[in-house]
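The next block holds one structure in the form of structure tokens; read it before the comments.
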Amino acid sequence: MSDSPDLTNAASGMPAATPLTRAALEIDEHAATLGWDNPARLFALVDNAQMRKANPRLATQLGLDENPTGLTPVEQEEIPAGTELDRFLGTIAWPDGVVGCALVVERLMLPPGAESSRPKNATEQEINDWVATHPQRQEVRITAAVLRDGGREVALRLREKDIAREVLTGPDLVPNLTQALLATFQ
């Protein structure tokens with residue numbers, strides 16, 4: 001991960017308010033350095049203060065002394081190709097030291113109102129094809145992050161506006177995805 005001490009909330013231009021928002025933006029920035037058309041990536045979120053207490057030497061090596069109250073994202077093994085995300089998330093069990101997790105996925109999104117032209121009684125494949133060919137579709141990268149205690153944050157980056165200051169943030173941007181991530185802690 002890159003060290004970005006001046007992470008900001010793109011919508012307001014103000015410093016990101018919470019450790020979870022900062023972690024989501026840090027992960028988004030990391031994903032941006034890798035480019036587009038990548039598989040989903042999963043991260044554990046570790047509390048820096050807990051890490052410093054449990055393993056001071058490792059915390060120092062990771063540079064956590066500069067950010068004692070934040071969260072450190074730890075990328076997990078690659079999600080197996082061809083695995084359905086819902087099924088994969090259902091197999092996860094986090095150890096106690098993990099206070100949260102984050103997932104980066106790329107998807108196609110339609111603007112509000114496009115739903116009114118959705119084909120009636122369509123199969124899932126027909127819906128996917130309809131979205132993929134819709135003239136108003138947008139490619140997005142979603143970084144959804146949650147905490148074991150229920151906190152949630154999403155950073156959403158449009159491919160056509162692929163710059164950090166255009167990243168949207170908010171806890172309710174992709175509620176189904178954050179709910180699925182929260183379920184990994186139950």
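With hydrogens and angles ignored, the 3.5 Å screen pairs no side-chain donor or acceptor of Thr21 with any backbone N or O of Ala17. Under a 3.5 Å cut-off, the side chain of Glu153 and the backbone N or O of Val146 do not form any donor-acceptor pair. Listed for the Asn55 side chain is a donor-acceptor partner under 3.5 Å among the backbone atoms of Leu58. Side-chain atoms of Arg141 come within 3.5 Å of backbone N or O of Gly35 as a donor-acceptor pair.
Val46 places none of its side-chain heavy atoms less than 4.5 Å from the side chain of Val99. Contact of the Thr178 side chain with the Asp172 side chain is not registered, since no non-hydrogen atoms from C-beta on lie closer than 4.5 Å. You'll find the side chain of Glu139 stays beyond 4.5 Å of the side chain of Leu158, heavy atoms only. By the 4.5 Å heavy-atom criterion applied to side chains, Gln138 and Glu160 are counted as neighbours. The shortest distance between side-chain heavy atoms of Leu103 and Val105 falls below 4.5 Å. Looking only at side-chain heavy atoms (C-beta outward), Val167 and Leu156 stay at 4.5 Å or farther from each other. In this structure, Val104 and Ile142 have side chains that are not in contact, with every pair of non-hydrogen atoms separated by 4.5 Å or more. Counting heavy atoms from C-beta outward, Thr184 and Cys101 have side chains that approach closer than 4.5 Å.
A salt bridge links Asp37 to Arg159: one of the charged nitrogens lies within less than 4.0 Å of a carboxylate oxygen.
In the hydrophobic cluster analysis, where Ile, Leu, Val, Met, Phe, Trp and Tyr join through side-chain heavy atoms closer than 4.5 angstrom, Val98 is grouped together with Ile92. Note on Leu85 and Leu173: same hydrophobic cluster, where clusters join Ile, Leu, Val, Met, Phe, Trp and Tyr whose side-chain heavy atoms are under 4.5 Å apart, directly or indirectly. In terms of hydrophobic clustering, with Ile, Leu, Val, Met, Phe, Trp and Tyr side chains grouped at heavy-atom distances under 4.5 Å, Trp94 and Leu177 are assigned to a common cluster.
The structure places NE2 of His134 at 4.0 Å from OG of Ser117, a figure rounded to the nearest 0.5 Å. Rounding to the nearest 0.5 angstrom, the gap separating the CG atom in Asp28 from the OG1 atom in Thr169 is 10.0 Å. Remark: Leu42 CG to Glu77 CD distance equals 10.5 Å, nearest 0.5 Å. Atom-to-atom distance recorded for Arg41:CZ and Thr143:OG1 is 11.0 Å, nearest 0.5 angstrom.
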- Task: With salt bridge (Lys or Arg N to Asp or Glu O under 4.0 Å) as the test, would you mind laying out the steps for Arg157 and Glu29 before giving the verdict?
- Result: CA-CA 10 Å; Arg157 182 183 292 249; Glu29 195 60 35; 3.4 Å; yes
Would you please test Arg52 and Asp47 for salt bridge (Lys or Arg N to Asp or Glu O under 4.0 Å) and show each step?
CA-CA 9 Å; Arg52 288 178 62 214; Asp47 180 86; over 6 Å; no
Practice prompt. Could you go through the side-chain contact (heavy atoms from CB on, under 4.5 Å) check for Phe185 and Asp149 one step at a time?
Written response: CA-CA 9 Å; Phe185 289 102; Asp149 69 7; over 6 Å; no
query: Passes side-chain contact (heavy atoms from CB on, under 4.5 Å), Thr72 versus Phe43? Steps please.
result: CA-CA 9 Å; Thr72 295; Phe43 296 81; over 6 Å; no
query: Leu71 and Leu147: side-chain contact (heavy atoms from CB on, under 4.5 Å), yes or no, with the steps?
result: CA-CA 10 Å; Leu71 298 168; Leu147 294 176; 3.9 Å; yes
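Residues that satisfy the ring pair (Phe, Tyr, Trp, His ring centres under 6.0 Å) test with Trp36, not counting sequence neighbours, are absent from this structure.
Across all their heavy atoms, Val174 and Met109 have their closest contact at CG2-CE, 4.3 Å. Residues Glu106 and Asn38 come closest through the heavy atom pair OE2-N, 3.2 Å. Considering every non-hydrogen atom in both Ala145 and Leu45, the closest pair reads CB-CD1, 4.3 Å. Considering all non-hydrogen atoms of both residues, Leu181 and Ala144 come closest at CD1-O, 3.4 Å. A pairwise comparison of heavy atoms in Thr83 and Ile79 identifies CB-CG2, 4.5 Å as the closest pair. The heavy-atom pair separating Gln76 from Ala44 by the smallest distance is NE2-CB, 3.5 Å.
Other residues, nucleotides and ligands place more than 12 heavy atoms under 6.0 Å from the CD atom of Gln61.
Under 3.5 Å, the side chains of Gln179 and Arg152 contain a donor-acceptor pair of N or O atoms.
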